[in-house]
J.: 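Please find one structure pasted underneath; my questions will follow.
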Amino acid sequence: MKHVLESVESQFEMFQILNEDGKIVNKDDMPDLSDEELKELMRRMVYTRILDQRSIALNRQGRLGFYAPTAGQEASQLGSQFALEKDDFILPGYRDVPQLIWQGLPLYQAFLFSRGHFHGNQMPEGVNALSPQIIIGAQYVQTAGVALGIKKRGRKAVAVTYTGDGGTSQGDFYEGINFAGAYKAPALFFVQNNYFAISVPVEKQTNAKTLAQKAVAAGIEGIQVDGMDVLAVYAVTKHSRDRAINGEGPTLIETLTYRYGPHTMAGDDPTRYRTEDLDNEWEKKDPLVRFRTFLEEKGIWSEEEENKVIEEAKNEIKQAIKKADEYPKQKVTDFIENMFEELPHNLQEQMEEYKEKESK
Amino acid sequence: MAQMTMIQAITDAMRTELKNDENVLVFGEDVGQNGGVFRATEGLQDEFGEERVFDTPLAESGIGGLAVGLALEGFRPVPEIQFFGFVYEVMDSISGQLARMRYRSGGHHTAPVTIRSPFGGGVHTPELHADSLEGLIAQQPGIKVVIPSNPYDAKGLLISAIRDNDPVLFLEHMKLYRSFREEVPEEEYTVEIGKAEVKREGTDVTLISYGAMVHASLKAAEELEKDGVSAEVIDLRTVSPIDIDTIIESVKKTNHVVVVQEAQRQAGVSANVVAEIQERAILHLEAPVLRVTAPDTVYSFSAAEEVWLPNHNDIVEKVNTVLNF
Ligand SMILES: Cc1ncc(C[n+]2csc(CCOP(=O)(O)OP(=O)(O)O)c2C)c(N)n1
């Protein structure tokens with residue numbers, strides 16, 4: 001009898017282009033990006049780091065609501081989104097607001113999403129995306145459907161979804177990758193492995209050595225990538241997207257990353273399940289630090305430039321919060337209005353009732 | 001006696017039964033070292049070890065299936081579903097499997113499982129955390145549904161649930177977790193499942209509710225008293241099966257009833273209560289039985305939660321309608 005687990009598992013190695021010191025370790029796979037594009041990637045990461053800091057501060061002041069911190073995961077989130085086109089469809093999880101923003105969701109709407117206002121979920125025309133999914137795994141099965149739809153329409157696009165290491169335990173995860181594989185549908189399944197699902201470490205999540213290897217059972221490509229290396233994430237996404245569009249099927253992409261902050265701002269205390277040593281170890285791999293070093297050595301980035309981005313981010317955030325503050329208050333009649341195309345009798349009655357309540 | 005919040009009383013009940021019965025197992029997402037996202041299992045893994053109190057991988061259907069299987073092996077599982085809005089992921093294990101175990105095996109197998117889960121509005125959670133979905137499970141024959149409104153009941157009911165040889169869904173209203181403390185005996189005691197409690201005696205109208213709405217009803221009763229109206233308040237405590245006797249006795253006394261639930265109006269527990277009353281006591285009624293509920297939309301986006309959720313003013317208004325019929 002032949003045992004294959006060990007040999008299969010050992011084939012999954014982390015793909016990397018830029019190491020922790022900002023040095024290229026894999027020239028062959030270096031993506032073909034112009035200096036302007038490289039700078040834009042950096043700009044987005046810096047901007048998103050500031051957005052995270054401001055969001056946490058606003059949350060603490062009671063001015064934001066639900067928020068899942070993103071610092072540490074910029075390369076995974078933005079490197080992947082950077083390889084997408086407008087026509088691609090994103091099905092994000094609750095931590096994936098940055099991808100939506102760079103795909104075109106206005107910042108003030110992201111804030112309204114946090115505040116539990118449904119305008120935050122109303123994607124603008126031309127932004128192909130769902131609002132962040134709360135039910136872990138649901139977005140994975142739906143992605144198979146969107147991807148099959150894209151294929152049936154003959155569009156040159158992909159469906160893209162994100163979950164975390166914890167999400168890979170859901171039945172929906174397996175169903176999603178298997179369905180997409182069975183239909184050879186153009187889908188990209190991201191797993192941002194930040195090693196913890198709230199408090200549960202990934203070793204307790206599964207006996208599998210890597211999460212990427214779960215692709216094997218579904219008969220699709222799987223790859224593990226350094227999720228702190230924005231060039232590697234970009235390159236893998238671009239490559240997998242091209243394959244998907246060429247009819248070569250979906251890919252499962254595991255990005256190895258870390259969330260510096262708490263799980264969400266609703267009372268999670270990471271010191272209960274993570275050590276300071278581990279935090280420090282990961283901060284050494286920081287995606288911004290290594291990419292900054294790389295760009296500076298190339299002579300296309302400077303502190304001055306970075307400060308400009310920071311100022312710009314702070315300004316835009318301030319304006320977006322103001323716009324969110326000024327947006328019309330959420331009403332129950334809005335909810336009733338949005339239940340059906342035509343309101344049934346019970347909701348017609350309740351509409352009158354709540355109109356009266358809201359007029360007081 | 002000690003002063004406890006509802007969440008402390010719940011932890012205490014689990015500790016009591018983990019001590020009493022080595023077959024009791026507590027598991028779910030983040031319930032181990034982290035003590036649960038609300039700290040309901042705080043300290044239990046330290047005290048009883050990882051064999052008895054443990055984290056599961058992230059999958060509600062997995063947790064449900066694990067509970068069914070462990071019950072078949074003679075254990076008494078107490079799984080946690082982190083928020084009850086995630087119940088759709090585990091519906092088959094609950095309604096399709098646990099609730100039917102005794103029935104489909106002709107009594108050969110049982111399913112002494114207690115599923116604990118937080119729910120309830122007013123704490124500004126994201127989607128699918130706060131929904132009142134008790135009606136969904138109350139619709140399923142073969143499983144009991146318990147919802148405490150205070151620390152004392154929470155401990156006594158949870159101990160009863162864990163000792164029950166049939167499956168019980170134990171729903172914990174998040175708003176009540178830490179909103180107040182009360183005297184809770186440190187020793188073990190039980191509160192009978194299926195028994196309502198008259199929380200306040202009155203003669204003019206009966207308010208029937210459960211969970212957080214018991215407190216809204218009590219507040220309404222205080223307001224009504226200022227206008228000379230004497231309201232009786234009943235806490236159902238178990239919404240499946242319903243304690244008909246306590247309800248009918250009160251109806252015979254007050255002849256006026258308002259049923260209050262946080263859930264939406266369509267179908268649901270309150271409709272069932274109204275049906276039972278009119279079938280059994282219609283000649284004792286001087287007015288139609290009215291309901292106070294949330295509107296028939298999906299659960300509110302949190303920005304409008306305060307308006308969407310029923311409150312004591314809505315109850316006072318409905319009582320006045322009933323009394324002036
Ligand atoms: C179906 C479902 N179960 C449980 C939860 C509660 N929950 C929210 S996030 C989380 C952990 C997720 O961890 P992971 O998938 O690793 O993603 P991360 O948060 O680390 O990005 C849990 C258990 C949920 N939102 N949906």
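Residue numbering restarts at 1 for every chain, and letters A, B, ... go by the order of the sequence lines.
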J.: Which bit of A/D172 is near chain B, if near means a heavy-atom gap under 4.5 Å: side chain, backbone, both or neither?
T.: side chain
J.: Between A/K322 and A/D325, is there a salt bridge with N-O shorter than 4.0 Å?
T.: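 No, A/D325 and A/K322 are not salt-bridged.
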J.: Take atom CZ in A/F179; do more than 12 heavy atoms of anything else shown fall under 6.0 Å from it?
T.: no
J.: Among A/R272, A/K329, A/K357, A/Q330, who wins on heavy-atom pairs under 4.5 Å with chain B?
T.: A/R272
J.: I'd like to verify something: which residue of B/P126, B/G62, B/S61, B/G85 has the highest number of heavy-atom pairs under 4.5 Å with chain A?
T.: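 Ranked by heavy-atom pairs under 4.5 Å with chain A, first place is B/P126.
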J.: Please determine if A/E358 and A/K331 form a salt bridge, counting it only when a charged side-chain N lies under 4.0 Å from a carboxylate O.
T.: no
J.: Of the backbone (N, CA, C, O) and the side chain (C-beta and beyond), which part of B/D314 lies under 4.5 Å from a heavy atom of chain A, both, or neither?
T.: side chain
J.: Quick one: which of A/Y354, A/Y94, A/F340 has the most heavy-atom pairs under 4.5 Å with chain B, could you say?
T.: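 Ranked by heavy-atom pairs under 4.5 Å with chain B, first place is A/Y354.
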J.: Just checking B/H129 against B/Y299, ring centres under 6.0 Å apart?
T.: no
J.: Chain B: which of A/Q170, A/R115, A/H117 shares the most heavy-atom pairs with it under 4.5 Å?
T.: A/Q170
J.: Over 60° means perpendicular and under 30° means parallel, so classify the ring planes of A/F189 and A/Y140, tilted if in between.
T.: tilted
J.: Can you list the residues that meet the ring-ring contact (aromatic ring centres under 6.0 Å, His included) rule with B/F119, with sequence neighbours excluded?
T.: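 For B/F119, the residues satisfying ring-ring contact (aromatic ring centres under 6.0 Å, His included) (neighbours in sequence not counted) are B/H173.
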J.: Is the closest side-chain donor-acceptor distance between A/D268 and A/Y273 under 3.5 Å?
T.: yes
J.: Which bit of B/Q266 comes within less than 4.5 Å of chain A, counting heavy atoms only: side chain, backbone, both or neither?
T.: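 Side chain only.
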J.: Hydrogens and angles aside, do A/N194 and A/T257 bring a side-chain donor and acceptor to less than 3.5 Å of each other?
T.: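 The answer is no; no qualifying pair exists.
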J.: Does any backbone or side-chain atom of B/Q82 lie under 4.5 Å from a heavy atom of chain A? Answer side chain, backbone, both or neither.
T.: side chain
J.: Chain A: which of B/E305, B/E60, B/R265 shares the most heavy-atom pairs with it under 4.5 Å?
T.: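 Most heavy-atom pairs under 4.5 Å with chain A: B/E60.
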J.: So which of A/V200, A/D334, A/T264 has the biggest tally of heavy-atom pairs under 4.5 Å with chain B?
T.: A/V200
J.: Tell me, for A/I135 versus chain B, whether the close heavy atoms (under 4.5 Å) come from the side chain, the backbone, both or neither.
T.: side chain
J.: Tell me if the CD atom of A/Q61 is crowded by more than 12 foreign heavy atoms within 6.0 Å.
T.: yes
J.: Side chain from CB out, backbone as N, CA, C, O: work out which of these in A/D269 comes under 4.5 Å of a heavy atom of chain B, or both, or neither.
T.: both
J.: Is the ring pair A/Y260/A/Y258 parallel, tilted or perpendicular, if the boundaries are 30 and 60 degrees?
T.: tilted
J.: Please classify the contact between A/I198 and chain B as side chain, backbone, both or neither, with a heavy-atom cut-off of under 4.5 Å.
T.: both
J.: For A/H119, run the ring-ring contact (aromatic ring centres under 6.0 Å, His included) check against A/Y108, A/F111, A/F113 and tell me which one passes.
T.: A/Y108
J.: Hey, do the aromatic rings of A/Y195 and A/W282 have their centres closer than 6.0 Å?
T.: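 Yes, the ring of A/Y195 comes within the 6.0 Å limit of the ring of A/W282, centre to centre.
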J.: For residues 31-50 of chain B, give me every residue with a non-hydrogen atom less than 4.5 Å from any non-hydrogen atom of chain A.
T.: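 B/Q33, B/N34, B/V37, B/R39, B/E42, B/E50, listed by number.
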J.: Minimum heavy-atom separation for B/L58 and A/A197, please, with both atom names.
T.: CD1-CB, 4.3 Å
J.: Pick one of side chain, backbone, both or neither for B/D296, based on which atoms fall under 4.5 Å of a heavy atom in chain A.
T.: both
